[in-house]
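Notes follow the structure.
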Amino acid sequence: MVSGTVGTGTALGAVLLSLLAVPAHAATPSGTVREASVAAGELAAPDDEGLREVLRTALSQGAPGAMVRVDDNGTVHRLSEGDADRVTGRALTTYDRFRVGSVSKSFTAVVLLQLVDEGKLDLDTSVNSYLPGLLPDDRITVRHLLSHRSGLYDYTNDMFEQTVPGFEAVRNKVFSYQDLVNLSLAKPVTNAPGAAYSYSNTNFVVGGMLIEKLTGQPVRTAYQQRIIKPLKLTGTSYVHPNTVIAGRHANGYLPPDEGGTPVDSTEQTVSWAQSAGAIISTTRDLNTFFSALLGGRLMSAAQLAQMQQWTPVNSTQGYGLGLRRRDLSCGVSVYGHTGTVQGYYTYAFTSKDGKRSVTALANTSNNGTVLTTLSRTLESAFCGKPQTTAAARSSAAVNQVERYEDIAPNIARD
Ligand code: REY
């Protein structure tokens, strides 16, 4: 077990922040009333004991290792439990790199919104006007892609119907974007454009095609020049189709559906996801990234507001443009993304002002129990120690019942 708290926060900063805080339960432009935007200075202190308990519970439920890093306005909390490598027994540390899965979607959305700022892309224009003939319906807009309302079928539903055989079949494959779009288009759309939220990797594969078309660069270069280099994310990379995670990293472990020994899934091309899920990063870098994003340092205020136009997912979650919102039991909303890639579960979320950021990882997947447990790091990190009043208990109970993990809904991932 490693636990450390370093750095300082200033009381004056907290006072100033509380003066700037947006009132709780403010209505969003899309009319959602449950969002509660709270500045970091108004939050309860992170609950390190609670975080430790969550990580240990994840281990007891089958995760080889689990870790969390909180960056709280200059104060850092780092906790880790268990193994990065089950063969050597090397302990997991919060400096280890890992595959972030769909947290990559937030990177892709940032690049696209920067292109909106540059006048090269319009959110409400047909995707086909940028990529002629690609999609079967001219009414599908860029905004529909980024909010998962295009109706484009998620090809991973079929690809990973059987978890380990599905993974082994693609782990060394190299797909073109067009290959992945073709897999999707072989199936009927799930809804008319704009009509419903339906999470689909296909949307962010098309997002990658848009980046390449509009910048004339591979997505790797766009991520590098626009996000990784300016924010000095030294542990972050996009190496597709290379299969190796360079440097010190957590190995990923994928449990078979039928039980038994987990497969070491560390090395894979992640070509099945690319701009929908192939980034490698660290807890520090993801915290830096989401702090910069919500802090307004990656795009104009106008585009950041677009990113936070919420489509309801369920009663405690909304999806913006490549950005998730989760409403916690203490009435605080947090902003970021989740990620699932074979052997890795990630949560990376920040406060409304970007000043408290949290990244949690378990080096397992295909284990819904661990996924739900790991989500509790957000409660400990943003809500502090649990309250014991009757009102707090009943609100927590409601949240527990209504909360489910929304990843790609059509395949059983637990
Ligand atoms: C793919 C399957 C999950 C994961 C996925 N991830 O779409 C995107 C995301 C990038 O939202 C796999 N589950 C697992 C199965 C279920 O194979 N049969 O749990 O590792 O992050």
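Note that the structure is a prediction, hence the values are computed from the model and not measured. We use all heavy atoms of the structure for the numbers below, so side chains are in, but hydrogens, waters and symmetry mates are not. When a ligand or atom number is given, it counts from 1 through the structure's own listing order.
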If you count the atoms of ligand 1 from 1 in the order shown, which ones are under 4.0 Å from a heavy atom of Ser365? 14 (C), 19 (O), 20 (O)

Using a 3.5 Å cut-off on N or O atoms only, is Gln162 in polar contact with ligand 1? no

As an exercise, identify every atom of ligand 1 less than 4.0 angstrom from a heavy atom of Gln342. 20 (O)

Measuring from atom 18 (N) of ligand 1, which candidate in Tyr344, Phe160, Tyr345 has the nearest non-hydrogen atom? Phe160

4.0 Å heavy-atom contact, Gly339 with ligand 1: yes

Minimum heavy-atom distance Tyr253-Pro64, with the two atoms named: CD1-CG, 3.6 Å

Please indicate whether any nitrogen or oxygen in Trp272 is less than 3.5 Å from any nitrogen or oxygen in ligand 1. no

Per-residue contact class, Asn367 against ligand 1 - non-hydrogen pairs under 4.0 Å: neither

Charged N to carboxylate O under 4.0 angstrom, Glu35 versus Lys352? yes

For Val370 and Ala58, work out which heavy atoms get closest and say how close. CG2-O, 3.7 Å

Check Asn191 against Ala195 and note the closest heavy-atom contact, atom names and distance. ND2-N, 4.1 Å

Residue portion contacting ligand 1 (non-hydrogen atoms closer than 4.0 Å) for Ser102: both

Under a 4.0 Å N-O cut-off, is there an ion pair linking Asp137 with Arg139? yes

Does even one non-hydrogen atom of Tyr199 get within less than 4.0 Å of ligand 1? yes

Ligand 1 contact on Asp154 by region, counting heavy-atom pairs under 4.0 Å: neither

Please give me the minimum heavy-atom distance between Met67 and Thr94, naming the atom from each residue. SD-CA, 3.4 Å

Heavy atom of Phe167 under 4.0 Å from ligand 1? no

Any atoms of ligand 1 less than 4.0 Å from a non-hydrogen atom of Thr156? List them with their elements. 7 (O)

Aromatic contact between Phe107 and Phe289, with the criterion being ring centroids under 6.0 Å apart: yes or no? yes

Which atoms form the tightest heavy-atom contact between Ser380 and Val54, and what is the distance? OG-CG2, 4.2 Å

